Amino acid sequence: MPNKLYNIMVPVDFTHKSKWAVAKAIELANNFNCNIHLVHVLFKPILPFIPIDKSYFTPYESSVDLNSCREQLADLKAAYKKQLCGEGSIEISLLQGHPQQQLTKYIEKYEMDLVVVGLSKFNLFQRIISSISISNLARKTNIPVLAVRASGLVSHFKKIVLPLHEDIPVERIKLATMLARPFKSTVYLVSLRKNLNTPEENILNKTLEVVQSISTIPVQCFLLEGQNLAKSTLDFSKRINADLIMDHPKKEFRLPGFWNKITNKFLSYGSKIPVMTVEQAAPESNS
């Protein structure tokens, strides 16, 4: 993970949730002097149980769709370019194919450092799909994915919550300290209290030592009550009015409940507070 943000990608679908994501990307770009890539993927899925005339996908209609998307991307670039006050620029790209595959290829090809995704407020189906997409995108690309909804459009990251499970999250620590510097943030390390003198307290202390060894940002540690790390982290974040939660795309960060397990509802989709999903990099081999 780089020590600086150079390129931020925002997948756009020209809805309100895209506007929330672009607004957050603009804020970050102005603080880190980085570039924003607005990417739209044109995708027309064919549902196997619905008979569709092959003539539906004609070159003419495809051309019309492409031209319309290009115009909308150009309009977005023109509208938001005026809000950039740093050294960064806005790039636009129109892709065709499956969104997950195309976005993954784009991230790898153009070396994105962060993805900002806007979340729907009410559509349950979109929430389920987006929740899986966020975790998978973080896993496949090893790039942080920031999920934002309208209620999360704060102009800073003053309070950053970093939940801990069983290991020291080096990648999340590096990213948290990098984000904390320009915003003069406080990082809150939290873990579940299970029993007295358990490894959870050791993880807190060891992680605190790592943070203090690489940065002088303020850090506070808390052992939380509860049985589920995601829920306890979310409750704590609400109490302190946190601005950002940094989680990991694994089951410990999934919200409790039967329906949440079925829909794979991770913390990123159960929070009104922005959540950044960061995959822990695999340890380097000594061979």
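Just so it is clear, the structure is predicted and the values come from calculations on it, not from any experiment.
Residues L179 and M276 form a side-chain contact, since some pair of their non-hydrogen atoms from C-beta on lies under 4.5 Å apart. Contact annotation: the side chain of I36 approaches that of L84 to within less than 4.5 Å [non-hydrogen atoms, C-beta and beyond]. Using a 4.5 Å heavy-atom threshold, the side chains of V170 and R172 count as separate. L208 is not listed as a side-chain neighbour of V210, based on a closest heavy-atom distance of 4.5 Å or more. Using a 4.5 Å cut-off on side-chain heavy atoms (C-beta onward), V161 and I240 make contact. At a threshold of 4.5 Å between non-hydrogen side-chain atoms, the residues R149 and K17 do not count as touching. You'll find the side chain of P169 reaches within 4.5 Å of the side chain of L162, heavy atoms only. For the pair L146 and L28, the minimum side-chain heavy-atom distance is below 4.5 Å.
Salt-bridge formation is detected for the pair E27/K24: a Lys NZ or Arg NE/NH1/NH2 atom is positioned less than 4.0 Å from an Asp or Glu carboxylate oxygen.
Listed by first and then second residue, the ring pair (Phe, Tyr, Trp, His ring centres under 6.0 Å) pairs that reach into residues 72-96 come to none, sequence neighbours excluded. Applying the ring pair (Phe, Tyr, Trp, His ring centres under 6.0 Å) rule to pairs touching residues 211-236 yields F222-F236, sequence neighbours excluded.
P163 and T233 get closest at one heavy-atom pair: CB-OG1, 3.4 Å. The minimum heavy-atom distance linking V39 with M9 is given by the pair CG2-CG, 3.8 Å. Taking each heavy atom of E279 and N142 in turn, the nearest pair found is O-OD1, 3.3 Å. The two residues I134 and A147 come nearest to each other via the heavy atoms CD1-CB, 3.8 Å. Between N35 and G88 the shortest heavy-atom distance is OD1-CA, 3.5 Å. Taking every heavy atom of both residues into account, Y6 and D113 meet most closely at N-OD2, 2.8 Å.
Note: I173 CD1 to S213 OG = 8.0 Å, rounded to the nearest 0.5 Å. Separating the CD atom in E171 from the NE2 atom in H248 is a distance of 9.5 Å, to the nearest 0.5 Å. In this structure, CZ in F32 is found 9.5 Å from CG in L114, a value given to the nearest 0.5 Å. The NZ atom of K109 sits 9.0 Å away from the OG atom of S93 when rounded to the nearest 0.5 Å. With values rounded to the nearest 0.5 angstrom, L229 atom CG is found 5.0 Å from L192 atom CG. In this structure, NZ on K159 lies 10.5 Å from CD1 on I273, to the nearest 0.5 angstrom.
The main-chain N or O of K174 is found under 3.5 Å from a side-chain atom of T177 such that the two form a donor-acceptor pair. Without hydrogens or angle criteria, S232 side chain to L224 main chain gives no donor-acceptor distance under 3.5 Å.
Take P218 and apply the side-chain contact (heavy atoms from CB on, under 4.5 Å) test, not counting sequence neighbours, and it matches T186. Annotation: side-chain contact (heavy atoms from CB on, under 4.5 Å) contacts of I143 (sequence neighbours excluded): I107, V115, T141. Applying the salt bridge (charged side-chain N to carboxylate O under 4.0 Å, His left out) criterion to D235, with sequence neighbours excluded, gives K231. In this view, H98 and F43 satisfy the ring pair (Phe, Tyr, Trp, His ring centres under 6.0 Å) rule, not counting sequence neighbours. Every side-chain contact (heavy atoms from CB on, under 4.5 Å) that S18 has, sequence neighbours left out, goes to V12, D13, T15. Scanning for salt bridge (charged side-chain N to carboxylate O under 4.0 Å, His left out) contacts around E111 gives an empty result, with sequence neighbours left out. With sequence neighbours excluded, the residues satisfying side chain to side chain donor-acceptor pair (under 3.5 Å) with Q72 are S68. Residues passing the side-chain contact (heavy atoms from CB on, under 4.5 Å) test with Q96 are L42, S62, L66, sequence neighbours excluded. Qualifying side chain to side chain donor-acceptor pair (under 3.5 Å) partners for T277, counting only residues two or more places apart in sequence or in other chains: D247. For N67, the side chain to side chain donor-acceptor pair (under 3.5 Å) test picks out R70, with sequence neighbours left out.
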* Quick one: do V187 and V211 satisfy side-chain contact (heavy atoms from CB on, under 4.5 Å)? Show the steps, please. => CA-CA 9 Å; V187 172; V211 175; 5.6 Å; no
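Ring geometry for H16 versus W20: interplanar angle under 30°, hence parallel rather than tilted (30 to 60°).
Taking a 6.0 Å sphere around CD of E225, one finds it holds more than 12 heavy atoms contributed by other residues, nucleotides or ligands.
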